[in-house]
Trainee: 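The structure's right below; bear with me while I get my questions together.
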Amino acid sequence: MKVTYANRLAGRVYRRGEEGYRERCRTLSPAVEHRPVAVVEAEAAGDVRAAVGMARRAGVPFAVQATGHGTHAPLDGGVLLRTDRMASVLVDPDRRIARVGPGARWGQVLAAAAPFGLAPLSGSSPTVGVTGYTLGGGMGWLARRYGLAADSVVGAEVVTADGRHRTATADRHPDLFWALRGGGGAFGVVTSLEFRLHPVSAVYAGAAYFPAARAGEFLLRYRDWAAGVPDAMSTAVVLRTLTDSADVPAGLRGQRVIMLKAMYAGSADAGRRLLAPLCKAAGPPLHDQMRAVPYAAAAMGGTAARYLDFVADLADPVVDILTALNATVEIRHWAGAIADPRGDAGPAGHRAAQFSIIVDQQVPGLTETLRPHTIGGSFLNFLSDTRRTATAYTPDNHRTLRTIKAAYDPDNFFHAGHNIRPETPATVRAS
C-alpha cells in the first residue's frame, strides 16, 4: 500500500533509496535489518502522532526505534519511527524528578543529576536508551535498594493506537500507567517520561577476579551470604574464561575465573567489610578493581543472555550444573526492594525470585536440566526471543496486560518486537 506523507512534520521523512535512509534503518544487532517504506525522524510529539497516522491510514506495520539497543525483530515494509532526536533531559532537584524525551540516554541523565547528588535507576551502560529500558522493567545496580527503574516512574506522555496524546499517571489513565511500568512498548509511543531520582552520589563498586577452581564452594557461600546482606549491596557472580587480549590484565588472560561484581550504595569501608566473608571463600584475588567512585562513573556491563531464568534459591544441584558449564554464566542477586515494591507497582518481573541465571550461549539440554529448579520466567530487558514475551510476567499480570491492551490497542497496532496480544478479538479503531 502507498504511504501518504504528512507535509507539516518538524522532522524528516526518509524514503527507500534516499540518502540517509539506510543509516536510519541501522540497529545495534547485526541480525536485525529494517526495510521500511519510510523512516520518520521525529523532532516533537506531533511528529509521533503524524507517524502513527501515516501507518494507520495506509494499513502498514509500524515500529519505533531510538538507540536500537532493544530492537529484536526487523520491520519489513511500513513506517519506522526514530525518536533519537527527541533527547531532552530536565532535572528538578527540589522534587528529585527527571523528565526525559524518548531519545535520551542514561549518560545524559547521569550527567544532569550528578551535580545535585542524585542518581537515576540507570542501566549497565550510559549509552542505553532511558525509555525502552524503563518500559521493559529496568534492572540496574541500585535496584535492590530502590526497586526497578519502572518502579520510579511517576508519569508518561503517550501517543496511543487511536492517535491520541494521553497523560498516564496514578490518577489519569491509571490502567495504562500500570501497564507502561514493565509492559514494554506494546501500549503506545512514549513522548516523555518522568521518574524519581535518588540521593546517591558515590558508591563502592567494581569487580574482583578469583581462580575458578573453587567456583562450587564459592557459589554455595554466595547463596548463604546473599541472604543476609543489606539492600544497599548489589552483586553478581560471573564464571567466565577471559580472552587472551590486550584489554585483559596480563595475569588473567586465557584463565577461567570467578568474577565478583558488586556495588554498595555506601562507604568504601562498609562495602569492604560486607564483601570480606565472601571474598575469603574464593581465596586471594587475582585482580581487584573494587573502589569508591561517583555513581555516574560506576557502570558495569552485563552478560549477553542466550539462556535466562530465575531460581528461588541456589540449590546444590543448580550449583553443580552451572559450575560444569564451559560457557559464561552470570548469577545475579535480586530480592531487596525488587521483592517489596510500592503497592501500585507495575507488571515488571518475577519479584519473588532470589537469583537470575544468564548463560551467554545455547547449551543443548540446559533448559531441561535446570527446569526442575527454575520458575520458567524471563525479564523483558534481557529477552531477545519475542516468542517468549509472556514469560517475562506472572500469569496474573500477563492476563491484566492483555485486558489493558484490548482497551487501548484492540487491533494490536503496536505489535512489533515484544508483543502483548489484546484479550479480545481485534477490532479496528479509527485513528
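Note: hydrogens, waters and symmetry copies are ignored here, and every other heavy atom, side chains too, is used.
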Trainee: Looking only at side-chain N and O atoms, does Thr403 offer a donor or acceptor that is under 3.5 Å from a partner on Glu423?
Mentor: yes
Trainee: Is there a donor in the side chain of Thr160 and an acceptor in the side chain of Arg166, or the other way round, less than 3.5 Å apart?
Mentor: yes
Trainee: If only atom types and distance count, is the side chain of Trp225 paired as donor or acceptor with the main-chain N or O of Leu274 below 3.5 Å?
Mentor: yes
Trainee: Measure from the ring center of Phe195 to the ring center of Trp106 and say whether it is less than 6.0 Å.
Mentor: yes
Trainee: Going from CG on Leu275 to CE on Met233, what distance comes out if it is rounded to the nearest 0.5 angstrom?
Mentor: 4.0 Å
Trainee: Taking all non-hydrogen atoms of both residues into account, name the closest pair between Ala168 and His173 and its distance.
Mentor: CB-O, 4.3 Å
Trainee: So for atom CZ, which belongs to Arg85, do other residues, nucleotides or ligands contribute more than 12 heavy atoms lying within a distance under 6.0 Å?
Mentor: no
Trainee: Looking at Tyr21 and Pro36, would you say the former's side chain and the latter's main chain have a donor-acceptor pair under 3.5 Å?
Mentor: yes
Trainee: Provide the closest heavy-atom pair for Ala205 versus Val293 in the form atom of the first, atom of the second, distance.
Mentor: CB-CG2, 4.5 Å
Trainee: Please evaluate residues Arg332 and Thr303 with respect to the criterion side-chain contact (heavy atoms from CB on, under 4.5 Å), reporting the C-alpha separation (whole Å), side-chain torsions for both, the decisive distance (0.1 Å), and the verdict.
Mentor: CA-CA 11 Å; Arg332 187 159 181 175; Thr303 301; over 6 Å; no
Trainee: Heavy atoms only: give me the nearest Ala119-Ala113 pair and the separation to one decimal.
Mentor: N-CB, 4.5 Å
Trainee: Is the backbone N or O of Arg105 less than 3.5 Å from a side-chain atom of Gln108, with the two atoms forming a donor-acceptor pair by type?
Mentor: yes
Trainee: Counting distance only, does the side-chain N/O of Ser234 pair as donor-acceptor with the main-chain N or O of Trp141 below 3.5 Å?
Mentor: yes
Trainee: Taking the side chain as every heavy atom from C-beta outward, state whether Val229 and His333 have any atom pair closer than 4.5 Å.
Mentor: yes
Trainee: Any heavy-atom pair between the side chains of Arg402 and Ile420 that's under 4.5 Å?
Mentor: yes
Trainee: When the side chains of residues 253-262 are checked against the rest of the protein, which donor-acceptor pairs come out under 3.5 Å, sequence neighbours left out?
Mentor:
{"from": "Arg253", "atom 1": "NE", "to": "Ser245", "atom 2": "O", "distance (Å)": "3.0"}
{"from": "Arg253", "atom 1": "NE", "to": "Val248", "atom 2": "O", "distance (Å)": "2.7"}
{"from": "Arg253", "atom 1": "NH2", "to": "Val248", "atom 2": "O", "distance (Å)": "3.2"}
{"from": "Gln255", "atom 1": "NE2", "to": "Gly251", "atom 2": "O", "distance (Å)": "2.6"}
{"from": "Arg256", "atom 1": "NH1", "to": "Thr241", "atom 2": "OG1", "distance (Å)": "3.3"}
{"from": "Arg256", "atom 1": "NH1", "to": "Ala327", "atom 2": "O", "distance (Å)": "2.9"}
{"from": "Arg256", "atom 1": "NH2", "to": "Leu325", "atom 2": "O", "distance (Å)": "3.0"}
{"from": "Arg256", "atom 1": "NH2", "to": "Ala327", "atom 2": "O", "distance (Å)": "2.7"}
{"from": "Lys261", "atom 1": "NZ", "to": "Gly301", "atom 2": "O", "distance (Å)": "2.6"}
{"from": "Lys261", "atom 1": "NZ", "to": "Glu330", "atom 2": "OE1", "distance (Å)": "3.4"}

Trainee: Would you mind telling me which of Glu194, His198, Arg181 makes a side-chain hydrogen bond (donor to acceptor under 3.5 Å, both in side chains) with Ser152?
Mentor: His198
Trainee: Counting only N and O atoms by type, is there a donor-acceptor contact under 3.5 Å from the side chain of His415 to the main-chain atoms of Phe413?
Mentor: yes
Trainee: Strictly below 4.0 Å, N to O, side chains only: are Asp360 and Arg306 in salt-bridge contact?
Mentor: no
Trainee: Would you give the length of the straight line joining atom CZ of Phe379 to atom CG of Leu148, rounded to the nearest 0.5 angstrom?
Mentor: 5.0 Å
Trainee: Give the intermediate values and the outcome of salt bridge (charged side-chain N to carboxylate O under 4.0 Å, His left out) for residues Arg145 and Asp231.
Mentor: CA-CA 5 Å; Arg145 177 67 180 86; Asp231 295 349; over 6 Å; no
Trainee: Could you state the interatomic distance from CG (Asp409) to CD1 (Ile404), rounded to the nearest 0.5 Å?
Mentor: 12.5 Å
Trainee: Any heavy-atom pair between the side chains of Ser122 and Leu110 that's under 4.5 Å?
Mentor: yes
Trainee: Atom CD1 of Ile358 and atom CG of Leu322: how far apart are they, to the nearest 0.5 Å?
Mentor: 12.0 Å
Trainee: Please evaluate residues Met139 and Trp334 with respect to the criterion side-chain contact (heavy atoms from CB on, under 4.5 Å), reporting the C-alpha separation (whole Å), side-chain torsions for both, the decisive distance (0.1 Å), and the verdict.
Mentor: CA-CA 9 Å; Met139 173 58 175; Trp334 290 55; 3.8 Å; yes
Trainee: For residues Ala112 and Val91, report the shortest heavy-atom separation together with the two atoms involved.
Mentor: CB-CG2, 3.7 Å
Trainee: Do Asn412 side-chain atoms and Arg421 backbone N/O form a donor-acceptor pair below 3.5 Å?
Mentor: no
Trainee: Quick one: pull up CD1 in Ile331 and CZ in Phe218 and give me the separation to the nearest 0.5 Å.
Mentor: 9.5 Å
Trainee: Indicate yes or no for a side-chain donor-acceptor contact from Arg24 to the backbone of Tyr14 under 3.5 Å, with no hydrogens or angles considered.
Mentor: no
Trainee: Do Val154 and Ile97 have side chains that get closer than 4.5 Å, going by heavy atoms?
Mentor: yes
Trainee: Would you find a donor on one side and an acceptor on the other, under 3.5 Å apart, between the side chain of Tyr393 and the backbone of Gly182?
Mentor: yes
Trainee: Please collect all side-chain hydrogen bond (donor to acceptor under 3.5 Å, both in side chains) contacts where either partner lies in residues 361-376, sequence neighbours excluded, each pair once.
Mentor: Asp309-Thr374
Trainee: Any side-chain heavy-atom pair from Thr83 and Thr131 closer than 4.5 angstrom?
Mentor: no
Trainee: Would you say that Val363 contacts Asn326 through its side chain, given a criterion of any heavy-atom pair below 4.5 Å between the two side chains?
Mentor: no
Trainee: Under 3.5 Å, side chain of His165 to main-chain N/O of Thr191, donor-acceptor pair present?
Mentor: no
Trainee: Can you list the steps and then say if Glu41 with Arg12 is a salt bridge (charged side-chain N to carboxylate O under 4.0 Å, His left out)?
Mentor: CA-CA 5 Å; Glu41 191 172 60; Arg12 279 198 59 181; over 6 Å; no
Trainee: Checking side-chain contact (heavy atoms from CB on, under 4.5 Å) for the pair Val318/Ile357: CA distance, chi angles, key distance, verdict?
Mentor: CA-CA 10 Å; Val318 174; Ile357 299 171; 3.9 Å; yes
Trainee: Looking at Cys25 and Leu80, what are the two nearest heavy atoms and their distance?
Mentor: CA-CD2, 4.2 Å
Trainee: Is any side-chain heavy atom of Tyr146 closer than 4.5 Å to a side-chain heavy atom of Leu197?
Mentor: no
Trainee: Test Met86 against Val48 for side-chain contact (heavy atoms from CB on, under 4.5 Å), laying out the working first.
Mentor: CA-CA 10 Å; Met86 297 174 65; Val48 175; 4.1 Å; yes
Trainee: Please give me the minimum heavy-atom distance between Asp151 and Ala345, naming the atom from each residue.
Mentor: OD1-CB, 4.0 Å
Trainee: Is the backbone of Thr235 close enough, under 3.5 Å, to the side chain of Tyr222 for a donor and an acceptor to pair up by distance?
Mentor: yes
Trainee: Should Leu370 and Tyr307 count as side-chain neighbours, where that means a heavy-atom distance under 4.5 Å?
Mentor: yes
Trainee: Let me confirm one number: the CZ-CZ distance from Arg164 to Arg49, rounded to the nearest 0.5 Å.
Mentor: 9.5 Å
